[in-house]
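Since the structure comes first, as structure tokens, the remarks are kept for the end.
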Amino acid sequence: MKNSFFLLSIFFLTACISAPQGLERDKYEIQNLAQVNEEILQCHCKQARLGGKVIKATALQNKMKIEVLSLPILTFSGRPELEGQTNGRFIAYLDGFIDPESLKDQYITMGGFLKGAEKGKIDQADYIYPILQGKDYRIWQLAQEYYYDPEDLADFYESRRRWGFGGFWRPEPRLRYVLY
């Protein structure tokens, strides 16, 4: 009985962290911009799941051009890692129209085919952007969340044990940002 409850709880917990439909990790060969090289860009045959923060979005005729500051993405959920170290930039093209202002400074995960490279500039520096022809994407919402550091809680409970109910010190909640 305990084993079946344990397996059932694991099943429900993994369902909570699964990637959005169309962005499942098994579907894509490339999961990080650091894996992209000249040979992959020239073959136009590799599928990639990339993500990060939208820097700039431009509406073109029947499609969107989106410049993304690439961040590592979490393996199971597909979310960009907010504290992750950036590993470059890429440009994604999406069919259809999305208001460019609604994309600015948003976090996004995209899946599609790598379709070569495009020359551009970052300030005064020349830069070669890998191009992703996006098929599936998810725009993530940034939220603030308060939490207690486990070490602070342990100290609080220890002070309650020593000095009785209540104590004089209470831990301060900390603030972190999460994507959902």
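A distance-only check finds a donor-acceptor pair linking the side chain of Thr86 to the backbone of Ser70 [under 3.5 Å]. Under a 3.5 Å cut-off, the side chain of Arg138 and the backbone N or O of Pro20 do not form any donor-acceptor pair. Between the Asn37 side chain and the Ile40 main chain, a donor and an acceptor come within less than 3.5 Å of each other. Between the side chain of Ser102 and the backbone N or O of Asp99 there is at least one donor-acceptor pair closer than 3.5 Å. Using a distance-only test at 3.5 Å, with no hydrogens or angles considered, a donor-acceptor pair links the side chain of Gln133 to the main chain of Tyr93. Between the side chain of Thr109 and the backbone N or O of Gly51 there is no donor-acceptor pair closer than 3.5 Å. Gln42 places no side-chain N or O within 3.5 Å of a backbone atom of Glu39 that could act as its donor or acceptor partner. With Tyr127 contributing its side chain and Arg89 its backbone, the two residues share a donor-acceptor pair below 3.5 Å. In this structure, the side chain of Glu24 engages the main chain of Gly22 through a donor-acceptor pair within 3.5 Å. Between the side chain of Arg176 and the backbone N or O of Glu145, no donor-acceptor pair lies under 3.5 Å.
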**Q.** Criterion side chain to side chain contact (heavy atoms under 4.5 Å, CB included) on Leu103 and Ile139, from CA distance to verdict
**A.** CA-CA 8 Å; Leu103 288 175; Ile139 298 170; 3.3 Å; yes
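With sequence neighbours excluded, the residues that form a side chain to side chain donor-acceptor pair (under 3.5 Å) with Gln144 are Tyr177.
Tyr180 and Leu23 are not part of a single hydrophobic cluster, where members link through side-chain heavy atoms under 4.5 Å apart. Leu132 and Tyr129 fall into different hydrophobic clusters, defined by Ile, Leu, Val, Met, Phe, Trp and Tyr side-chain heavy atoms under 4.5 Å apart, directly or through other members. No path of Ile, Leu, Val, Met, Phe, Trp and Tyr side chains, each step under 4.5 Å between heavy atoms, connects Tyr28 with Leu114, placing them in separate hydrophobic clusters. Transitive grouping of hydrophobic side chains (ILVMFWY, heavy atoms separated by less than 4.5 Å) brings Ile91 and Ile122 into a common cluster. One hydrophobic cluster, built from ILVMFWY side chains closer than 4.5 Å, holds both Val36 and Val68.
Residues Val178 and Tyr147 form no side-chain contact, since every pair of their non-hydrogen atoms from C-beta on lies 4.5 Å or further apart. The side-chain heavy atoms of Arg49 and Arg25, taken from C-beta on, include a pair separated by under 4.5 Å. Contact annotation: the side chain of Leu50 never approaches that of Met110 to less than 4.5 Å [non-hydrogen atoms, C-beta and beyond]. Contact of the Ile73 side chain with the Tyr107 side chain is not registered, since no non-hydrogen atoms from C-beta on lie closer than 4.5 Å. You'll find the side chain of Leu74 reaches within 4.5 Å of the side chain of Ser77, heavy atoms only. Between Leu179 and Pro80, some side-chain heavy-atom pair lies under the 4.5 Å cut-off. Within the 4.5 Å cutoff, side-chain heavy atoms of Leu94 are placed close to those of Tyr137. Side-chain contact between Val54 and Asp105 is absent, with no heavy-atom pair separated by less than 4.5 Å.
Classification of Glu118 and Lys65 as a salt-bridged pair holds, one side-chain N sitting under 4.0 Å from a carboxylate O. With respect to the salt-bridge test (charged N to carboxylate O, under 4.0 angstrom), the residues Asp126 and Lys119 do not qualify.
No side-chain donor-acceptor contact under 3.5 Å links Asn62 and Asp95.
The two residues Ile128 and Ala117 come nearest to each other via the heavy atoms CG2-CB, 3.5 Å. What you find for Met64 and Ala57 is that their closest heavy atoms are CE-CB, 4.3 Å.
Expressed to the nearest 0.5 Å, how far CD of Glu67 lies from NZ of Lys104 amounts to 12.0 Å. To the nearest 0.5 Å, atoms CG (Leu69) and NZ (Lys56) are separated by 14.5 Å. Distance NZ/Lys115 to NE2/His44: 7.5 Å, rounded to 0.5 Å. The CD atom of Gln61 sits 11.5 Å away from the CZ atom of Phe97 when rounded to the nearest 0.5 Å. To the nearest 0.5 Å, the span separating CD1 on Ile66 from CZ on Phe90 amounts to 8.5 Å. Within the model, atoms CG of Leu71 and CD of Glu83 stand 10.0 Å from one another, a figure rounded to the nearest 0.5 Å.
Atom NZ of Lys27 sits in a crowded spot, with more than 12 heavy atoms from other residues, nucleotides or ligands closer than 6.0 Å.
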